[in-house]
Amino acid sequence: QVQLVESGGGLVQAGGSLRLSCAASGITFSSSVMAWFRHAPGKERDLVAAISGTGDHTYRSDSVWGRFTISRDNAKNTVYLQMNSLKPEDTAVYYCAASRRDWNSASITVSAYDYWGQGTQVTVSS
């Protein structure tokens, strides 16, 4: 059974930082593309960042470029999202996702992901 368990969300003031973690089990983690998505009320679920199994390839959306960093520790089956310089518009539920497919151009689309975590709330106050 695949499980993706997020942690690290919370309430932070604008300009602050948070680090999200996602612990995976039930998948071959080192060969899985991992990603973070977010879903704000009234908006679509958007890709924030993605990382290939080896970590050689990463993607970050324009909205978080220069502020957020995705990384992974394959020895711990964990993927991270370091979020700095947080803004109120970063407020959303953040979801961890895993794809069974190799890294390719589709890795930045929602449809590429097979497994999802339960989400963790991030709230940035102004």
Side-chain angles (χ1 to χ4, degrees):
Q1 180 181 358
V2 177
Q3 283 194 314
L4 301 176
V5 180
E6 302 102 333
S7 61
L11 173 64
V12 64
Q13 288 188 332
S17 298
L18 283 174
R19 188 196 196 200
L20 304 183
S21 299
C22 171
S25 60
I27 59 173
T28 306
F29 185 77
S30 60
S31 60
S32 298
V33 174
M34 302 297 296
W36 289 95
F37 288 79
R38 66 186 181 187
H39 193 185
K43 296 184 178 180
E44 295 184 350
R45 184 173 297 195
D46 290 329
L47 175 66
V48 175
I51 186 167
S52 63
T54 60
D56 289 348
H57 302 283
T58 60
Y59 167 87
R60 283 172 290 179
S61 69
D62 289 343
S63 62
V64 305
W65 186 265
R67 301 187 298 123
F68 291 12
T69 303
I70 189 170
S71 62
R72 66 191 296 156
D73 185 339
N74 286 348
K76 295 182 179 180
N77 284 9
T78 301
V79 62
Y80 305 97
L81 185 68
Q82 178 66 44
M83 306 186 293
N84 298 329
S85 302
L86 282 160
K87 304 175 181 180
E89 51 263 43
D90 295 318
T91 295
V93 178
Y94 283 71
Y95 295 90
C96 174
S99 173
R100 294 174 297 185
R101 300 159 183 80
D102 291 336
W103 180 268
N104 57 57
S105 58
S107 297
I108 62 171
T109 63
V110 173
S111 60
Y113 293 86
D114 305 292
Y115 308 107
W116 295 83
Q118 80 289 350
T120 185
Q121 177 70 46
V122 171
T123 303
V124 185
S125 63
S126 57

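Worth saying up front: this structure is predicted, and the values here are computed from it rather than measured. In what follows, residues are counted from 1 in the order of the sequence shown.
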**Q** Who passes salt bridge (Lys or Arg N to Asp or Glu O under 4.0 Å) against D46, sequence neighbours left out?
**A**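 Expected list: none.
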
**Q** Are side-chain heavy atoms of Q82 and S17 found at a separation under 4.5 Å?
**A** yes

**Q** Where is the tightest heavy-atom contact between G66 and R60, given as atom of each residue plus distance?
**A**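 Heavy atoms only, the tightest pair is N-NH1, 4.0 Å.
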
**Q** Could you tell me if the side chain of L81 sits less than 4.5 Å from the side chain of R38, heavy atoms only?
**A** no

**Q** For V2 and G26, which heavy atoms make the closest approach, and how far apart are they?
**A** CG2-O, 3.5 Å

**Q** Does S30 reach the main-chain N or O of G53 with its side chain, forming a donor-acceptor pair under 3.5 Å?
**A**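 It does not hold such a pair.
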
**Q** Locate the shortest heavy-atom distance separating P88 from S126; write the atom from each residue and the value.
**A**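 Looking at all heavy atoms of both residues, the shortest contact is CG-CB, 3.8 Å.
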
**Q** Looking at L47 and S107, what are the two nearest heavy atoms and their distance?
**A** CD2-O, 4.3 Å

**Q** For the residue pair Y94 and E6, establish whether any side-chain heavy-atom pair is separated by less than 4.5 Å.
**A** no

**Q** So, taking the atom named CZ in F29 and the one named OG1 in T78, what distance separates them when rounded to the nearest 0.5 Å?
**A** 6.0 Å

**Q** Please work out whether the ring planes of W116 and F37 are parallel, tilted or perpendicular, with thresholds of 30° and 60°.
**A**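 Aromatic pair W116/F37 classed tilted.
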
**Q** Which pairs with one or both residues in residues 63-80 pass salt bridge (Lys or Arg N to Asp or Glu O under 4.0 Å), sequence neighbours excluded?
**A**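 Residue pairs passing salt bridge (Lys or Arg N to Asp or Glu O under 4.0 Å), neighbours aside: R67-D90.
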
**Q** CG/N74 to OG1/T28 distance, rounded to the nearest 0.5 angstrom?
**A** 11.0 Å

**Q** Side-chain contact, heavy-atom cut-off 4.5 Å: Y80 with T69?
**A** no

**Q** What distance do D102 atom CG and S52 atom OG have between them, rounded to the nearest 0.5 Å?
**A** 9.5 Å

**Q** About how many Å separate OH of Y113 and OG of S32, when rounded to the nearest 0.5 Å?
**A** 10.5 Å

**Q** Heavy atoms, side chains only, cut-off 4.5 Å: are S61 and F68 in contact?
**A**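 No, every pair of side-chain atoms sits at 4.5 Å or beyond.
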
**Q** Out of curiosity, Q121 CD to T91 OG1, how far, rounded to the nearest 0.5 Å?
**A** 7.0 Å

**Q** Could you go step by step and tell me if W36 and V79 meet the side chain to side chain contact (heavy atoms under 4.5 Å, CB included) rule?
**A** CA-CA 9 Å; W36 289 95; V79 62; 4.0 Å; yes

**Q** Any side-chain heavy atom of L20 sitting closer than 4.5 Å to one from M83?
**A** yes

**Q** Going by heavy atoms in the side chains, are I27 and R100 under 4.5 Å from each other?
**A** no

**Q** Under the 3.5 angstrom rule, does the side chain of S99 hit a backbone N or O of A112 as a donor-acceptor pair?
**A** yes

**Q** Step by step, work out the side chain to side chain contact (heavy atoms under 4.5 Å, CB included) result for Q13 and L86.
**A** CA-CA 8 Å; Q13 288 188 332; L86 282 160; over 6 Å; no

**Q** Consider only side-chain heavy atoms of I, L, V, M, F, W and Y, link residues closer than 4.5 Å, and tell whether V33 and I70 are in one cluster.
**A**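 V33 and I70: separate clusters.
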
**Q** Counting C-beta onward and ignoring hydrogens, is there a side-chain heavy-atom pair between L4 and M34 closer than 4.5 Å?
**A**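 Answer yes - side chains close enough.
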
